[in-house]
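Only this structure's heavy atoms are used, side chains among them; waters, hydrogens and symmetry mates stay out. Residue numbering restarts at 1 for every chain, and letters A, B, ... go by the order of the sequence lines.
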Number of protein chains: 2
Amino acid sequence: MRTTDLRIIKTKQALHNALLTLLIQKPLEQISIAEICREAKVNRGTFYLHYEQKEGLFEEYFQEIMEDLYQSYEEPYRAVTTLDTNQLDPNTIRIFHHIERYKMFYRIVFSKNVPLTYYYMLFDGIYSLLERDITSHHEHQMADNISIGYYSAYQANAIIGLIIQWYRGDFSDSVTVLNQQLAAILKNVRSGG
Amino acid sequence: MRTTDLRIIKTKQALHNALLTLLIQKPLEQISIAEICREAKVNRGTFYLHYEQKEGLFEEYFQEIMEDLYQSYEEPYRAVTTLDTNQLDPNTIRIFHHIERYKMFYRIVFSKNVPLTYYYMLFDGIYSLLERDITSHHEHQMADNISIGYYSAYQANAIIGLIIQWYRGDFSDSVTVLNQQLAAILKNVRSGG
DNA sequence: TTAAATATTGAACATCTGTTCATTAAAATC
DNA sequence: GATTTTAATGAACAGATGTTCAATATTTAA
């Protein structure tokens with residue numbers, strides 16, 4: 001029974017809450033570690049016992065949000081939940097819904113003064129979903145000179161490209177529009193333009 | 001004749017040189033503004049007269065490097081220099097050469113503790129080259145329900161996806177491999193997998 | 001060459017960072 | 001419940017940040 005010390009849980013919770021409270025008031029880059037600690041009533045030294053930067057704290061939230069993304073694809077009753085862009089029905093794509101749901105959050109993730117870490121977390125998330133799809137759907141086999149790594153990276157980041165464009169329009173387009181765009185792009189590309 | 005004040009030029013040059021000197025010794029994140037100013041023999045207050053963060057200084061270098069990317073596509077004697085992935089001959093793609101040439105630099109750009117700004121600069125660069133190709137090559141017309149914005153963002157970021165994968169393997173693959181992978185992926189996608 | 005314009009400087013300030021350490025408090029284990 | 005283990009605290013430190021200001025130096029324009 002290897003449970004985490006209660007004090008650690010309490011401290012982290014207090015820091016999480018403090019960060020959330022402050023994020024409502026101002027962007028992450030304007031929040032200092034000292035401020036978070038004051039708000040959380042936690043000694044500043046204690047913060048450094050658990051994290052190196054405020055970004056580490058933010059990262060813990062991201063983990064939870066990534067869980068939501070993964071779970072979208074774990075629904076057992078969903079017949080086709082493939083992310084593979086070669087056999088993709090845009091209605092099965094849950095990513096844009098996921099982004100929409102956590103819009104507030106992704107506004108931070110995509111803001112320009114934030115470290116690349118978060119971007120990579122999203123990238124890795126989509127990448128691994130894609131990679132799983134590609135390797136599991138054996139019926140669809142690729143030219144064997146294509147590296148699955150490069151292929152997944154290409155497709156994953158292409159989707160994030162759409163999300164960046166979406167973000168830059170302040171997410172004003174609907175999820176449906178995004179799904180349609182993706183479907184149209186894939187169709188267009190396949191037919192050779 | 002609206003020339004910049006000589007003093008400004010001198011100051012910026014000193015700061016540029018100082019940053020370069022320090023970047024050889026340690027990563028950007030470990031370099032402080034105070035340190036740059038000491039090295040450049042420039043008053044710290046002066047730094048803030050021109051920049052907000054050390055990242056702004058780094059950004060100025062990036063502009064120059066982006067110039068190289070643009071110029072690759074401006075060579076007038078190159079018959080087809082299209083970036084349009086629908087009519088792409090990988091030999092005409094200069095991007096991977098460009099990245100290779102500035103490898104040292106892009107190692108910083110893609111490192112995880114660096115702000116997203118640089119990523120966006122690269123993205124915007126590729127995006128605008130792509131967008132220009134797509135709108136200029138009229139013979140190739142897309143389904144008109146596709147937004148050029150989304151389409152360009154998709155394609156531009158897909159290419160960066162390859163670069164991320166490349167970076168993560170510490171750029172150990174050759175430019176040729178990257179060009180081949182891109183060609184293979186595009187061919188594979190078009191033929192419907 | 002002189003006068004006007006403006007960039008740089010040094011000094012100061014409150015605040016933040018990252019780290020250390022002995023002390024205190026709380027939790028886990030017996 | 002007492003004991004051991006470990007987390008949290010407060011205080012202190014050198015250094016960094018971001019800002020302001022009057023004084024000075026350099027450049028530009030007349």
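In this structure, A:K10 reaches the C:dA27 phosphate: one of its side-chain N or O atoms is under 4.0 Å from OP1 or OP2. Of the side-chain N and O atoms in A:H50, one or more sit less than 4.0 angstrom from OP1 or OP2 of D:dA8. Within the structure, a side-chain polar atom (N or O) of B:Y48 is placed less than 4.0 Å from OP1 or OP2 of D:dG18. The phosphate of C:dT8 has OP1 or OP2 within less than 4.0 Å of a side-chain N or O from B:T11.
Between the CD1 atom of A:I8 and the C1' atom of D:dA7 there is a distance of 7 Å, given to the nearest Å. A:I33 has its CD1 atom 12 Å from the C1' atom of C:dT19, to the nearest Å. Atom CG of A:D5 is separated from atom P of D:dT4 by 18 Å (rounded to the nearest Å). Computed from coordinates, the B:K54 NZ to D:dA16 P distance equals 11 Å when rounded to whole Å. As rounded to whole Å, 15 Å separates atom C1' of C:dT8 from atom CD1 of B:I9. Atom C1' of nucleotide D:dT17 and atom CD of A:Q30 are separated by 14 Å, given to the nearest angstrom. Regarding B:F47, its CZ atom lies at a distance of 17 Å from the P atom of C:dA7, rounded to whole Å. Per the geometry, CG belonging to A:L22 stands 12 Å off P belonging to C:dC16, to the nearest Å.
Below the 3.5 angstrom threshold, one finds no donor paired with an acceptor across the side chain of A:R7 and the base of D:dA8. Counting distance only, with no hydrogens placed and no angle test, the side-chain atoms of A:R44 and the base atoms of C:dG18 include a donor-acceptor pair under 3.5 Å.
When the nucleotides C:dT8, C:dA27, D:dA16 are ranked by their closest atom to the side chain of A:L6, C:dA27 comes out on top. Closest to the B:A34 side chain, of the nucleotides C:dT8, C:dT17, D:dA16, is D:dA16. Here D:dA8 is the nucleotide among D:dA8, C:dT8, C:dA7 with the atom lying nearest to any side-chain atom of A:L49.
Residue B:N43 is in base contact, counting any heavy-atom pair closer than 4.0 Å across all strands shown. Using a 4.0 Å heavy-atom cutoff across all strands shown, B:T46 reaches at least one base atom of the nucleic acid. Using a 4.0 Å heavy-atom distance criterion, A:K12 is classed as making no nucleic acid contact.
Aromatic ring centres of B:F105 and B:F62: separated by under 6.0 Å.
At its two ends the helix from C:dT1-D:dA30 to C:dC30-D:dG1 runs along axes set 30° apart, each axis drawn from five pairs and the angle rounded to 10°.
The pair A:E55-B:K112 does not meet the salt-bridge criterion, since no charged nitrogen lies less than 4.0 angstrom from a carboxylate oxygen.
In this structure the side chain of B:L116 never reaches within 4.5 angstrom of the side chain of B:F123, judged on heavy atoms. In this structure, the side chains of A:E39 and A:N17 stay at 4.5 Å or more apart for every pair of heavy atoms. For the pair A:Y102 and A:E64, the minimum side-chain heavy-atom distance is 4.5 Å or more.
Taking for each of A:G45 and A:S32 the nucleotide of DNA chain C with the nearest heavy atom, the 5'-most of the two is the partner of A:S32.
For A:Y154 and B:Q181, the side-chain atoms include no donor-acceptor pair closer than 3.5 Å.
Linking Ile, Leu, Val, Met, Phe, Trp and Tyr whenever their side-chain heavy atoms come within less than 4.5 Å leaves A:L15 and A:I9 in two separate clusters. Following chains of ILVMFWY side-chain contacts shorter than 4.5 Å, one can reach B:Y70 starting from B:L130, so the two form part of one hydrophobic cluster.
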